[in-house]
Amino acid sequence: MAEQLRQFRESLVDYGWTDCPVPRTWIEAFALLKRFLAGRGTGRKIVFIDELPWMDSPRSSFLRAFEHFWNGWCSARKDIVLIVCGSATSWMTQKVLRNKGGLFNRASRTINLQPFALHDCEAYVREKGIVMSRRELVEAYMVFGGVPYYWSLLDKRFSFAQNLDRLYFSPSGELVPEFRRLFESVFRRPEPYLRLVAALGKSSGGMTREELARNAKVCNTGKLTRWLRELEQSGFIKVFLPYGKRKKGAIYQLVDAFVLFHFRFMDTVRVVGKGFWSMATDLPERRAWEGLAFERVCFMHSREIKEALRIGGVLTELCAWRSERKQGGAQIDMLLARRDGVINVCEMKFSTGQFAVTPQYAGKLANKIAVFKEESGTECAVHLTLVTMNGVKHNENASIVQSEVMADDLFRA
């Protein structure tokens with residue numbers, strides 16, 4: 001707190017108050033800010049406070065002083081624009097947007113920064129002079145998601161595989177400590193959140209609340225509700241309602257690309273040598289991760305998939321579905337339930353060339369659709385959609401597929 005107050009004073013010095021005293025409390029700090037602003041004339045004054053959550057240290061009374069500054073002085077003036085920013089999404093949501101005290105309903109505008117889409121990432125690397133194929137861009141998105149900071153670490157001298165070896169699979173890699181650092185920056189007490197995402201990181205299709213509580217070894221109480229809500233607000237997980245259900249049976253999935261990547265390869269980092277990712281093209285663990293990670297990329301680009309299917313103007317619900325059978329069941333990770341009476345069952349396949357539908361896979365797909373129709377009782381037409389990197393090979397088994405989407409479609413602006 002004392003260090004933050006000194007830095008607060010230095011900001012006022014930087015903007016012209018050379019003999020500004022050092023405040024001892026946040027009440028004094030905001031009183032100094034009021035004096036400074038009051039002497040700046042009648043023009044508009046913009047106050048920007050970055051990383052607001054980390055000023056609210058224990059027993060600092062920061063929030064009370066901040067509320068008094070806004071309600072007792074700023075809100076009565078027309079020349080003050082106050083902008084607050086914070087990476088700790090849960091704190092910003094609970095303490096500012098959902099504040100029940102002095103800041104209740106005070107925010108006039110909110111900017112919730114969303115991750116880049118593939119189109120944005122392609123434009124970004126082009127601007128940086130980095131040459132990447134669209135396959136490399138998809139692979140990079142499978143690791144980094146749409147977080148611009150991670151993309152900014154790429155070095156144009158190297159391929160993506162070489163960059164990943166340098167950033168993550170080397171002892172001094174810049175992203176080696178990122179996982180723990182990420183959760184400590186977003187949550188004050190990260191341990192319960194880490195347990196929940198660790199459990200979800202081991203599941204390909206997600207978990208219900210009850211399954212998640214059991215696997216993470218946490219109590220299924222109101223605290224779990226808050227932890228899950230804050231993980232969702234922070235973009236680590238998404239909640240999908242199963243097709244045909246409105247409240248019960250929600251499925252929680254880990255969708256943060258970097259966190260998913262870390263859980264799949266965290267143990268590998270300790271044992272691999274130089275150039276691991278560049279040489280591990282046929283590693284079974286990598287192949288398993290690629291399939292799941294590509295599915296998550298497709299989830300994040302459901303709008304682009306709808307546009308490719310020419311149903312962008314049709315009201316559509318994105319959901320998942322799991323059979324309740326213990327034997328002979330099925331699971332569908334992505335359903336597009338359309339209001340025009342059609343359901344697209346989306347299967348995502350990450351492959352090098354064109355994806356060939358084998359007789360065994362065609363039978364598996366037919367069984368999956370049959371089980372879905374029987375258990376859901378839907379009267380809608382069910383279309384099978386394959387989302388692949390390079391399209392579907394049109395052999396004798398491909399007739400089961402009604403529509404296809406390729407990786408290039410995911411780059412639609």
Side-chain angles (χ1 to χ4, degrees), residues 117-119 204-206 208 232 238-253 255 291-292 294-325 328-350 354-355 357-389 391-413:
L118 276 167
H119 169 78
S204 59
T208 64
E232 185 180 12
K238 276 192 178 298
V239 184
F240 295 93
L241 287 174
Y243 176 77
K245 297 183 179 181
R246 287 292 174 263
K247 292 183 179 180
K248 293 184 178 180
I251 297 173
Y252 296 84
Q253 286 188 350
V255 295
L292 181 57
F294 184 62
E295 286 181 6
R296 299 299 189 259
V297 173
C298 294
F299 290 145
M300 303 302 290
H301 293 79
S302 59
R303 180 189 67 82
E304 290 80 0
I305 291 175
K306 287 177 58 179
E307 291 293 334
L309 294 172
R310 300 182 181 180
I311 58 172
V314 180
L315 188 61
T316 306
E317 181 182 1
L318 176 65
C319 47
W321 178 82
R322 291 198 300 182
S323 171
E324 296 181 359
R325 296 180 183 176
Q331 176 175 305
I332 300 173
D333 293 324
M334 186 174 176
L335 279 173
L336 297 175
R338 298 154 44 179
R339 284 295 178 91
D340 60 358
V342 177
I343 296 174
N344 288 87
V345 173
C346 297
E347 286 282 307
M348 288 74 78
K349 292 296 177 183
F350 187 83
Q354 283 190 319
F355 180 76
V357 180
T358 64
Q360 294 79 11
Y361 187 56
K364 180 181 177 181
L365 292 174
N367 176 72
K368 180 180 293 192
I369 292 173
V371 173
F372 169 68
K373 285 181 176 180
E374 179 186 344
E375 291 195 23
S376 67
T378 183
E379 297 181 356
C380 296
V382 179
H383 288 190
L384 176 64
T385 299
L386 277 186
V387 186
T388 64
M389 284 297 298
V392 178
K393 186 175 182 179
H394 294 282
N395 58 20
E396 63 275 13
N397 305 304
S399 59
I400 193 173
V401 180
Q402 273 77 42
S403 55
E404 57 181 288
V405 177
M406 293 192 293
D408 284 346
D409 296 314
L410 303 181
F411 287 82
R412 291 171 180 259

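Positions are given from 1 along the sequence.
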- Evaluate the criterion side-chain contact (heavy atoms from CB on, under 4.5 Å) for residue pair H383 and V345; output intermediate values, then yes/no. CA-CA 6 Å; H383 288 190; V345 173; over 6 Å; no
Checklist entry - So I305 and L410, side-chain contact (heavy atoms from CB on, under 4.5 Å) or not? Walk me through it. => result CA-CA 7 Å; I305 291 175; L410 303 181; 3.7 Å; yes
Can you check whether [X] reaches [Y] side chain to side chain, under 4.5 Å on heavy atoms?
X	Y	result
K393	V357	no
R322	I251	yes
H119	R412	no
P359	N397	yes
I343	L335	yes
V387	K349	no

Considering residues at least two apart in sequence or located in another chain, which fulfil the side-chain hydrogen bond (donor to acceptor under 3.5 Å, both in side chains) criterion with [X]?
X	value
E374	R325
S323	E375
H394	E404
D340	R338

All side-chain contact (heavy atoms from CB on, under 4.5 Å) counterparts of [X], not counting sequence neighbours:
X	result
L365	E347, Y361, L384, I400
V239	E232, A250, Y252
S204	L292
S403	L309, N344, T385

Discussion item. Using every non-hydrogen atom in the two residues, find where D333 and G205 come nearest and quote the distance to one decimal.
Written reply: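 Here D333 and G205 meet closest at OD1-CA, 4.0 Å.
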| request: Could you list the residues that satisfy ring pair (Phe, Tyr, Trp, His ring centres under 6.0 Å) with F411, not counting sequence neighbours? | output: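 With sequence neighbours excluded, F411 shows a ring pair (Phe, Tyr, Trp, His ring centres under 6.0 Å) to no residue whatsoever.
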Checklist line | Set of ring pair (Phe, Tyr, Trp, His ring centres under 6.0 Å) partners for F350, sequence neighbours left out | finding: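 Scan of F350 (ring pair (Phe, Tyr, Trp, His ring centres under 6.0 Å), adjacent residues dropped) gives F294.
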Inset, instruction - Can you run down the side chain to side chain donor-acceptor pair (under 3.5 Å) pairs that involve residues 295-308, sequence neighbours left out, and say none if there aren't any? - result: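 Side chain to side chain donor-acceptor pair (under 3.5 Å) check on residues 295-308 returns no pairs.
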Could you grab the distance from atom CE of M348 to atom OG1 of T388, nearest 0.5 Å is fine?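 Reported to 0.5 Å precision, the distance equals 12.0 Å.
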Exercise for the section: Decide side-chain contact (heavy atoms from CB on, under 4.5 Å) for W321 and V371; before the verdict, give the C-alpha distance in whole Å, the side-chain angles of both, and the deciding distance to 0.1 Å. Expected result: CA-CA 11 Å; W321 178 82; V371 173; 3.7 Å; yes
Should the pair F299 and F240 be assigned to parallel (<30°), tilted (30 to 60°) or perpendicular (>60°) ring geometry?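 Correct class here is tilted.
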*Keeping the roles fixed (side chain from N367, backbone from K364), state whether a donor-acceptor pair exists under 3.5 Å.*
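Checking the backbone N and O of K364 against the side chain of N367, no donor-acceptor pair under 3.5 Å is found.
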Check whether any side-chain N or O of T316 sits under 3.5 Å from a backbone N or O of V314 as a donor-acceptor pair, and report yes or no.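 Pair found, side chain donor or acceptor close to backbone of V314.
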